[in-house]
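As the structure lists them, so they are numbered: ligands from 1, and atoms in each ligand from 1. Remember, it's a predicted structure, so these values are computed and weren't measured experimentally.
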Amino acid sequence: MSQPIPRIVRATVTPILISDPPLLNVLGVHQPYTPRTIVELETDTGATGVGETYGDTEYLEVARNLAKAVIGKPLTALNGLHDLAYDSAGLTPGTVNEFDPAGLRGARTNEKIVRSVVSAFEVASLDTLGKALGLPVHALLGGKVRDRVDYSGYLFYRWAEHPVEDAPRDDWGAALDPEGVVRQARRFTDTYGFRSFKLKGGVFPPEQEIAAIKALAEAFPDHPLRLDPNGGWSVESSVRVAEELDGKLEYLEDPTTGIDGMAEVRARTGALLATNMCVTTFGEIPEAFAKDAVQVVLSDHHYWGGLHATRELAALCRTHGVALSMHSNTHLGISLAAMTHVASVIPDLEYACDSHRPWQTEDVITEPHRFTGGAVEVSDAPGLGVELDRDALATLHERWIELDGFRDRDDVAAMRQADPTWVQPPLPRW
Ligand SMILES: O=C([O-])C(=O)C[C@H](O)[C@@H](O)C(=O)[O-]
Ligand SMILES: [Mg+2]
């Protein structure tokens with residue numbers, strides 16, 4: 001006997017600020033606090049679920065509108081979320097900002113904002129549905145093909161402390177040269193067992209970053225390595241780095257900006273190139289793949305629009321012989337759970353995924369994930385397999401209310417706290 005599909009009766013959007021260390025990148029430095037949005041859904045049958053996404057003001061606005069619009073909708077109406085988000089926010093597709101000061105993921109567009117918000121509602125819906133059915137999210141996506149998902153150790157040049165008073169602190173110390181990077185990698189691997197490393201570059205002139213990769217290669221000869229300057233280099237510099245590091249990298253990530261620049265680096269060096277900047281939406285795929293600009297697409301279920309969309313992306317990549325792996329920005333355990341579920345159902349995932357999570361000291365789930373052997377176990381518990389920590393959520397939301405200067409991530413402005421002359425660096429920087 002068929003049952004009515006549960007309908008959504010409550011959708012709550014809670015903005016939070018989470019502590020973030022002073023991690024450096026081509027734009028500047030992370031703020032002491034990064035905004036995230038937590039979405040909670042409840043159905044008329046009493047089932048509940050959670051999702052997480054970016055929390056900057058523009059995202060939050062769209063999320064708040066979508067929260068009103070989903071009331072009364074069937075829990076399984078996932079394919080309508082995208083249009084509902086556009087309509088409820090009164091948006092049309094378009095570019096908001098040619099360069100995103102917050103996330104180093106190409107231009108900031110309404111499409112990316114909408115998809116990022118939709119991802120949190122889609123994940124929350126799947127969590128709710130899974131819990132109602134007693135099935136893990138991976139089962140709702142066709143079933144896991146692996147029990148553990150590999151993540152790479154995400155190394156950053158960093159300062160010991162933020163240059164502002166009362167900022168959160170940690171005990172990692174500074175990493176500003178090859179020795180510091182190797183020390184950080186050693187601690188990462190001792191603590192979490194990571195079996196590959198990615199170094200966030202674009203911070204120092206390429207020679208210094210080449211030296212850091214060489215030091216890592218010497219210290220960890222069995223660990224695959226990646227370098228990601230977020231488009232900080234010209235084509236000429238990219239070619240030089242690719243040649244200097246030939247044989248030392250498993251791939252080079254976004255050495256330069258734009259599809260044409262990436263295609264030229266590929267054509268001149270044969271280096272394997274990954275991106276989370278020049279292919280971040282479905283519309284960019286035909287040109288990038290036709291020009292052989294990228295060989296590894298770093299998906300991010302937030303900005304591709306959710307877990308189903310990530311599987312669609314995986315199918316497209318597979319069809320074109322392009323590999324798929326996973327990008328990450330600052331995030332908490334709800335996102336890590338979603339990333340792990342979707343990664344577990346993609347058969348041909350050959351590279352370890354990225355995750356910022358080891359840098360975070362706070363979470364909104366009662367039992368944060370553990371990285372062991374560089375991997376996270378895929379949960380078979382109903383839904384995402386996480387439980388919301390309401391006290392932690394309330395505390396981090398209070399912080400969002402109090403510290404209104406951090407509600408939009410801006411790495412350029414954060415850098416100005418240390419260097420008042422700092423302006424958004426033009427790319428390429430070198
Ligand atoms: O792989 C990437 O490009 C990123 O993770 C972008 C991020 O914004 C990262 O650079 C960061 O958080 O500094
Ligand atoms: Mg990247």
Is D354 close to ligand 1, meaning an N/O of one under 3.5 Å from an N/O of the other?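 N/O-N/O distance under 3.5 Å: no.
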
Return yes or no for this condition: an N or O of N25 is under 3.5 Å from an N or O of ligand 1.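 Between N25 and ligand 1, an N or O pair is found under 3.5 Å apart.
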
Restricting to N, O or S, what is the name of the atom of E253 that lies nearest the Mg ion (ligand 2)?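 Going by distance to the Mg ion (ligand 2), the closest N, O or S atom in E253 is OE2.
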
Which atom name does D228 have for its N/O/S atom nearest to the Mg ion (ligand 2)?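 Distance check against the Mg ion (ligand 2) picks out OD2 in D228.
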
Cationic N near anionic O, under 4.0 Å, D419 to R416: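 Looking at R416 together with D419, the answer is no, because their closest N to O distance does not fall below 4.0 Å.
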
With the threshold set at 4.0 Å, does a side-chain nitrogen-carboxylate oxygen contact exist between R183 and E179?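 No, this pair does not count.
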
Counting only heavy atoms not in D190, do more than 12 fall under 6.0 Å of its CG?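 Yes, enclosed.
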
Can you tell me how the ring of F156 sits relative to the ring of W359, calling it parallel under 30°, perpendicular over 60° and tilted otherwise?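 Rings of F156 and W359: perpendicular, as their planes differ by over 60°.
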
Aromatic ring pairing F194/Y192, orientation class (parallel under 30°, perpendicular over 60°, tilted between):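 Tilted.
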
Atoms of ligand 1 close to F156 [distance to a heavy atom under 4.0 angstrom, numbered from 1]: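 Here the atoms of ligand 1 in question are 11 (C), 13 (O).
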
Using ring pair (Phe, Tyr, Trp, His ring centres under 6.0 Å), reason through F188 and F197 one step at a time and then give a plain yes or no. CA-CA 9 Å; F188 254 138; F197 294 119; 7.3 Å; no

With a 4.0 Å heavy-atom cut-off (strictly under), which part of Y154 contacts ligand 1: side chain, backbone, both or neither?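 Side chain only; the backbone of Y154 stays clear of ligand 1.
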
For ligand 1, the portion of N329 having any non-hydrogen atom under 4.0 Å away: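 For N329, only side-chain atoms sit under 4.0 Å from ligand 1.
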
When you measure from the centre of the six-membered ring of W400, is the NZ or CZ of R407 under 6.0 Å away and within 45° of the axis?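 Yes, R407 and W400 form such a contact.
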
Check whether Y54 forms a cation-pi arrangement with R36 (NZ or CZ under 6.0 Å from the six-membered ring centre, at most 45° off the ring normal).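 Pair R36/Y54 counts as cation-pi.
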
Atom 1 (O) of ligand 1: which of M277, K198, R409 has the nearest heavy atom?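 Residue with the shortest heavy-atom distance to the ligand atom: K198.
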
Can you find a non-hydrogen atom of N230 under 4.0 Å from ligand 1?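 Yes, N230 has a heavy atom closer than 4.0 Å to ligand 1.
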
Return yes when D228 approaches ligand 1 closer than 4.0 angstrom through a heavy atom, no otherwise.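 Per 4.0 Å heavy-atom rule, D228 contacts ligand 1.
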
I'd like to know if the Mg ion (ligand 2) has an N/O/S atom from N276 within less than 2.8 Å of it, counting both backbone and side-chain atoms.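 Under 2.8 Å: N276 contacts the Mg ion (ligand 2) through an N, O or S atom.
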
